[in-house]
Structures are given as C-alpha cells and as structure tokens.
Amino acid sequence: MKLRRALLALALVVAGLIGLAPAANAARHQVSYDKYSIMIDGKRVLLQGAEFHYFRLPSPDLWRDILEKEKAAGFNTVSLYFHWGYHSPAPGVYDFTGVRDVDRLLRLAEEVGLYVVARPGPYINAETTGGGFPAWLKLVAGRARSSAPGYTAAYRDWLAHLNPIIARHQVTRGGSVLLYNVENEYAVNTDAAYMQDLQDTARSHGIDVPITTNNCCDAASWSSTWGSGPGAVQIPGVDDYPQSFDCANAGTVWGPWGAGVTERVRADAPVFAAEYQAGAIDLNNAGYEACRALTGVPYMKYFQKNNLIVSGTTALNYYMGFGGTNWGWLAQPNDVYTSYDYGAAITEGRQLTAKYDEFKRQGYFLRALTPLTKTDPAAAPAAPGLETAARVNPDTGTRFVLLRNTSTSAVDSVVEGLPVRLAGRDAKILVAGYDLGGQRLRLSTSEIMTHLPIGGRDVAVLYGSGSTLLEYASEPRASVLQGAVRTSFSGGVLRLDYDDAAPARVLISGGGRRPLLLLLGSAADVASYWQDGPVLVRGTSLVRSAAVAGGQVALRADTATAGPVEVFAGGAPRSVTVNGRPVAVRGTASGSFAGTLPGARAVALPVLDRRKQHAEAPEAQPGFDDSRWRVADKTTSLSSVEPLSRPVLFSDEYGFHTGGVWYRGRFTATGAETAVNLNAITGRRGNYLVWLNGRYLGSAAGGVQADSEPPANPSPGAGSFPLSGLTPGSTAVLSVFVQNMGNNDDWTADDNRMRQPRGLVGARLVGSVATLTWRIQGTARIDPVRGPLNNGGLFGERAGWSLPGFPDRAWPAAGSSVSPGVTWFRTGFRLSLPRGQDTSVALRFDGPPPAGYRALVYLNGWNLGQYGAEIGPQTDFVLPTGLLRPDGPNTLAVAVVATTPSNVKAPRLVVVGVQRGGVGA
Ligand code: GAL
C-alpha cells in the first residue's frame, strides 16, 4: 500500500514537471502576470483553452467526457460561461443542483486537470435566450448592463449566489479557476461604474485571481479608451472572428473580418485572445458541417498560427471547443436553432473531427515549446514567395518563424538555406535555436508536434516533409529504423532530409548527447499520437489519461475500431493495461511496446414501432374552462415596444417566459365583425395559430427581433383572420396559441432588444366596437429537475404528456396524419447498449424538414429538439446518455403543432458514434 502511494506520488511529480496542469487537491498557488504571460508560482503558463457551455450538455457525467477530450487535445484550460437565466426562474430563486451543479463542474475541471476562465456575465450573449439574462429581468426597471439601481440589485444577487462557488475553486485556494471574466463584449453605451462594481463585487466575494473582460471585435473599444481608470480590468481580452459566420459560402470565404490577429490592449498584461473563432453559428441555415468547413483545418492552420506569432498571444480561448445543444428553450431564436454544434472540433454528438486533430497538433506544440511563453517580435528571415514573421525568446534565444502562403497554390521556397514547400493558404511555425530536451535544434522546416524525455532519451514527433538540423560535438550515429531519411554530418551539424509520404523513424545516439528518437510523418500520421504527462501513445481513437506506476502503464483509452497501439513510457514498464484490462504487448526496435486493441462492438437499436397518438388543444374549444387562467389586464409595460392595443398581452408580464402561450379572448358579438387583426412577436422561427369558437382560422408568422429596431416595423407579426356570421349578442371566444421562441439578447446594451416582448402585441376586431377581454396561460409550473427552460404552455406539457410516467395505455396506435392544431405521439423503447463502450445516439427524421408543421421532441421528459422547415435544417437530434437510459426503458414524446393538415414523419434512432471505452470505462 505504502509503495503504491509512493509510486503514485512519484508519477504525479513526474507529470507535474512535464505538464502544467492543475492537480486535484493541489495546494494554494500564487497568480501573477507581466506583459508576456500569466505565471503560477512564478512559472510562466501558456493558457490554451476551449469554450464549453455546461448548460448545453444536460448530463453531468458527460461533462467529464468533454473535459477529458479537451485535455487530450493539449488544452490546459476550459472557458465557462455561467448562465444566470438557466439557474434563476424568478427573482431571488436559484438552483445549483443536478444539471445545474456548477460546483461539480468546477470540481471536475480540477480532477481532469484544466484551468478555468470563469465567465459569470451577468450578460453572456452566447446565442442563448436573453443572452443569459433571466426573462424576469424584462420586468425590472433600469437599463440592463448599466449601474441602474434595479438592475444592480438583480445582478448583485446573482453574483452573491454564484461567486462564492467560483471563489472556492480558484487556483489561489488550490482549485483551478485562473481568470475571472466580467461582462461580455461591453463595448457600447459603456458605464464605467458598472464595470467597476462587477469587479468590486467579485473581490468582496473572495475572487482574487486576475480579472479580465472580452472586448468585441477589436481593442478600440472601452478597455483601451478607459485605460487604467475606473472599470478597467487587469488582463483585457479581445474576441476575434476572422472567418465570419457565412457557412453557406464556406468554400470561398477567407478572412472577411480581418487577419485575426489579437491586439495588445495593455502594455503591462499579456495578449489574451478571449474568444478566438473555432466554429460558427449557422446564420443562413447551411447546416453545421458547412460551418465546420468554414472554420476547418486550413483556416485553423493559417489564422491561428498567424495569431500566435504575429501578436505573441500567450492566453487564448477557442470558441467553441464543443458547442452542444440548445435543449428546451435555451436558444436565442434569431441566430440559432436547437443544435449549437457550432461546427466545433468536437461534434454535438461528442465525436472527434479533423479539426480536433489540428487542435492536437497545435496544442501539443504550444504545451511542449515553453519558450513561447516569453517572446518579443524579431526580424524574420526571408522566404521568397512566402510571408514571414518571427518572435524570439529573449532568455533562450529560441526563434519561432511563421511562414505563410497567402496564395491559393503551392509555393516552393528557401528559408535560411533549407528548401521548404507550403501548400496554398498554408502556414507553418518553424523553430530555431532550441534546446529540445537534451538536444540542440538549429532549425527544422518540419513542425514540431511534441517532445518529451522517455527512459533516458528524448523522443520528438515532427511532421511535414523537410530538413532538420541538430548540433553535436562530434558525429553521432543515426540509425534509420523506418522509412527513408537521408543523413549527413558537417560542421557540427547533423542534417536529416525526408519527405512525409510515409512515416519514418530515426534513432540518433552519441555525438556527446543523450539519445534522440525522431518520429517523423505527415500531419495525418502524427495525429495518431497522444501524450499524457510522461507517456506517448500511438493509436486508439482517444487517450484520456496515461499513468506509469509499479512497472505498469495504465491507459484510459477509447477505440472505435480494432487496431494497433504502441506505448512509449519510461521506467522500464513490464505491462500495459487499457481501461483496467491487460493488453498483450511486445517490445519494438523503437524501444516501445506494441499490441492490438479491440474496437467497439456493433450496436442494434430498437425500431420505434409502438407509437401512439392523441390530439389536444382543448383550449381551442369554446366551452373550455379557463377560469383559473391569469386575467390579462395590464395597461403598461417597461418594454419599448408599444402595444398595438390594450390590455397589454405580452406574455412576460404575466409570468410566462418560455415556449408556447395560450390566449383566450372573449367578446360579445355585434354581428358586424369582419375580421380579427392580430400581431405577435415570437422571435425568428415562431408563429401563432388562431381559432374562433373552436373553428380553426389559420396561422401567421411571429414578429422578429428586427421589428423593434429602427426603423421599427409598425405591425410586427401581423395576421388578419376573416370573421363572419356571428350572432349578435352571442359570446365569441378567440383562442390563440403563440409559439414564442426564446428571448432576444442584449448585445447592443441599449435596453430595447432584451425587453422586446413575446406573445400577442395587438388584437383588434374589424367592423366591430366589441371589447375583447383576455386570459392567458403558459408554463404551468417549473419542472423541478429539468428547470425553467424545459417547458412551455402546451396542454400536453401542462398535463404531463411529455413525461415518462404518463399513462398513455388508452391512446390509440399512431397513424401519420394530423389536423391543424396540436397532436402528440408517444412511444416507449428499451435499450440495452453494450457495456464498456460509449454509444452516442440521436433521433433522426429522414429527408428534408417539413413545412406545415413543427415538432417538439421530449426524451424522458427532457425537451431535446424542435424540428421543422421553419425552424432550421436540423434532422438529427442528439439524445445524450444520462438523459437517455442506455440500459432500460425510455419514453419519447413528440408534440406536433401543425398549421395545415399534414402527414407526419416517424423518426428513428441512429448511432452517431461508438467507441469501446468511454468516460466510465
Ligand atoms: C461573440 C460573443 C459570444 C458569441 C459569439 C458568436 O461575440 O461574445 O457570446 O455570441 O460571438 O457565437
């Protein structure tokens, strides 16, 4: 026992020496910074982070999966927005339990070994409803994002609940929160007192790490204008989205929003790329694969490397690392639909992509090449036909030379006497004058992925055809173990020339240095390497962690298909285990251990053939009892949108902030009515349906965000519905179902957008002076587990039809046709997914999304999707494990809201990825 503990401690020490990740239960640390970089206990850190929205992955067990995947790509940081509205259904009410347990999230980051940039807003934007503001804030007086008293009291209360959780996870207290980010792109209508108060409030809650903020677009905004005056933060960051969001034209877009070079804002703080584009929202419904192409490997190579070398960024956060899902009513409706996949390196279904490989190549490089944490601009060598830039570390003299090919065709050039070839629009960072472990690298025209000491020698992974120059006191022995490498020695320099058509290995020994094993290959070849601390692995789909203890190398790894694995580890290990199981391995000429791993077993998913169907919308019937609904009789509102009739019918005014809302309006007919004219604002993608005395009159599209901006549309979301033949003196009942699509953000900080109402904004009878009186009904109650954004006000939602336990035995078997209005489908299915592997399952609707109806998808009561042509191009809806029971019964409920008689598609279950292993293995 004692020995095991000692070995474990030794392994941690070794890992600590090599990596810079925070360790669980670590001691308190000091954080400082200068113009070059952030330092922890005086040691410089290159912060490389990826953005993750826990609220877009409502399955805490999978948080670890994403964090481990980020860590495995070389990231040492995760950047986290905290979403006020997600935690607060009403003023003074907060929930930090279950899928909202952010203390657990921060603990996980610590366990996995990632620093955290904590971003509590209060405003976060993020294409989420209200930009993170709770919708009840619409009813609080005083401009949001200012020092107005009403808003101030509200955000202080939010921060009083959240900050203590963040504070106890700071690096300074042994946790992993390293930076605290106030506000978000606060660049217009600035209020220094507000920015200062956010910081003073944080300090009063125990936040003692450096405070940052993310400036929009360029640094010409407020942090520089306000210098070191009130409100200025310590380490200002800048957001850069050079590639725009035009996913539909991914093939031709190239840096329309600039070169993507993060600007220095303060002379005394490091350059911080607070959000660097790593994907895109799908503004023009091109689908997220197009967004992945827009921000694909060529973009990453060119723009990201540009940024690193031109501006000397030493703290950066890629937005997004994993996008996730706008489940429930999380989406801000104007820019996004259910999926927030974002074209990120890790897909919504948690699968790794080619972008992930590129992050890994760059991430390992940034982690291994520690001189990058302190560099000054330097004279760049010429390379005809290419652009060059360079930086140098003033202490070590190590130079980093950026080569950029701005043309679209390949260029052959020469740099410092060595031939170099760059594909069109490619970029490379070459390293010169570098102590690579015990070696001295004069220059390489290949790129370094990583290097590490293993068992008394250095092992280095380089990629791309080229030449490598290494300095020796005398001629070393260079044995080519694999592939074709030409070697020559002269003037104390060993020169190796090779191309990357096939992987190559060279073992160099003697010459006055310890041995070096060079692993060479193409970018694709080296993507098969994984490094965790002192262990290098080739093969598998993912190495989550590697540890050496007691003569054993223990890997936690995922494998999609059967294939080879090769392990390089020091300490003369005798055996290798993967996910706790021994693997047969043999020694190789490279000094590694090689074996074979099995892949994932095939998965059979059940057919959803037990569907049942039930129509609803009793609210449309004249006799429906609405006596317990709220009377809508307000005459004023804080919104800048003037109601087009009285009373005010804005749904938020009556406490209904989420999803669909029903209205019932009564009037005593005069017989002269010819029409009812309605206006509704729903946000983009919303609509409304209208009935009179149970007769369906039709539907109209809801008004959008732009309707409230100058020039304001005088009649947003207008619909005119003819009426005739009403009996004078009779009571008529109008029923209107408005599908609100989430709330506007507050990007412009001008108070107009975020207060834009939802629901009916005008209702007038034409040809009649009869008075309309109204009642309103939305979400019946907040789901205590799924939270305030899960449900709207459909009858079925109010009556529990979306929930797994609902007794649907008496419902008839489903057909496919539906009438205008609301129809529910339910089906149970049982899964028994193979254990010991990670199966990612989605619900798929085949073919293009339909017009004429939309569907809301509930898995075990969780609202996981909105489907239909008016919503977006999405046809696959990810069902995250945790909400999806992998071994047991599941219930799927689909609420169809049809505006015309329709034939409804039946969805099916599909596997979007499967690996042996997984986070639980
Ligand atoms: C940034 C903003 C993020 C997100 C991103 C686009 O400007 O800070 O919250 O909205 O744009 O996805």
Side-chain angles (χ1 to χ4, degrees), residues 49-56 78-86 117-133 144-145 179 181-188 212-223 233 236-247 253 256-258 260 262-263 272-286 288 290-292 294-295 299 316-326 330-345 348 684 705 742-749 753-754 872:
E51 184 83 18
F52 170 57
H53 298 162
Y54 65 91
F55 45 88
R56 286 184 160 124
V78 61
S79 176
L80 304 169
Y81 272 142
F82 294 86
H83 190 307
W84 182 2
Y86 187 71
V117 179
R119 312 178 73 190
Y123 182 71
I124 62 171
N125 207 60
E127 291 80 54
T128 186
T129 181
F133 281 156
R145 310 180 74 189
L179 289 179
N181 184 143
V182 294
E183 254 288 343
N184 192 84
E185 299 190 335
Y186 191 63
V188 271
T212 179
T213 193
N214 57 316
N215 289 287
C216 171
C217 318
D218 60 44
S221 60
W222 99 294
S223 294
V233 298
V238 180
D239 295 352
D240 266 296
Y241 288 81
Q243 196 66 332
S244 83
F245 302 105
D246 187 7
C247 304
V253 171
W257 291 358
T262 305
E263 291 169 68
F272 176 31
E275 286 179 25
Y276 200 88
Q277 182 169 18
I281 43 177
D282 185 17
L283 280 183
N284 38 28
N285 284 350
Y288 282 110
C291 300
R292 221 179 315 281
L294 179 79
T295 55
Y299 157 79
L316 56 99
N317 169 45
Y318 289 106
Y319 191 103
M320 299 288 307
F322 164 84
T325 306
N326 288 311
L330 255 181
Q332 175 262 56
N334 304 305
D335 299 330
V336 285
Y337 41 90
T338 300
S339 175
Y340 197 74
D341 175 279
Y342 214 81
E348 185 186 6
R684 209 175 141 199
Q705 168 182 294
N743 292 300
N744 285 354
D745 59 41
D746 193 29
W747 194 68
T748 41
R753 279 210 214 202
M754 72 77 105

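Both backbone and side-chain heavy atoms feed into the values below; hydrogens, waters and symmetry mates do not. Remember, it's 1-based here, ligands and their atoms both numbered in the order they're listed.
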Near Tyr342 (heavy-atom distance under 4.0 Å), the atoms of ligand 1 are 6 (C), 12 (O)
Polar-atom distance check: Ala126 versus ligand 1, any N or O pair below 3.5 Å? yes
Find all atoms of ligand 1 within a distance of less than 4.0 Å from any non-hydrogen atom belonging to Ile124, and give their numbers and elements. 9 (O)
Rounded at 0.5 Å granularity, tell me how far CZ in Phe272 sits from OG1 in Thr213. 9.5 Å
Considering heavy atoms of the protein only, find what lies nearest to atom 1 (C) of ligand 1 and give residue, atom and distance to 0.1 Å. Glu275 OE1, 3.1 Å
Ala280 and Phe245 have their tightest heavy-atom pair at CB-CD2, 3.7 Å
Contacting atoms of ligand 1, where contact means under 4.0 angstrom from a heavy atom of Asn125: 2 (C), 4 (C), 9 (O), 10 (O)
Which of the atoms in ligand 1, numbered in the order shown and given with their element, are less than 4.0 Å from a heavy-atom of Asp239? 8 (O)
For Glu127, counting its heavy atoms only, list the atoms of ligand 1 lying under 4.0 Å from any of them. 4 (C), 5 (C), 6 (C), 10 (O), 12 (O)
Evaluate the side-chain contact (heavy atoms from CB on, under 4.5 Å) criterion for residues Trp747 and Tyr123: first the C-alpha distance (whole Å), next the side-chain angles of each, then the deciding distance (0.1 Å), finally the verdict. CA-CA 9 Å; Trp747 194 68; Tyr123 182 71; 4.2 Å; yes
Considering only heavy atoms from C-beta outward, does the side chain of Thr338 approach that of Thr325 to under 4.5 Å? yes
Going by distance alone, is a donor N or O of one side chain under 3.5 Å from an acceptor N or O of the other, for Tyr241 and Glu275? yes
With rounding to the nearest 0.5 Å, note down the distance linking CG in Asn743 to CE in Met754. 9.0 Å
Which is it for Tyr319 and Asn317 under the side chain to side chain donor-acceptor pair (under 3.5 Å) test, yes or no, and what are the steps along the way? CA-CA 6 Å; Tyr319 191 103; Asn317 169 45; over 6 Å; no
With heavy-atom distances below 4.0 Å as the criterion, list the atoms of ligand 1 near Glu185. 1 (C), 2 (C), 7 (O), 8 (O)
Which protein heavy atom lies closest to atom 5 (C) of ligand 1, and at what distance to 0.1 Å? Tyr241 OH, 3.4 Å
Atoms in ligand 1 flagged as close to Asn214, the criterion being non-hydrogen separation under 4.0 Å: 8 (O)
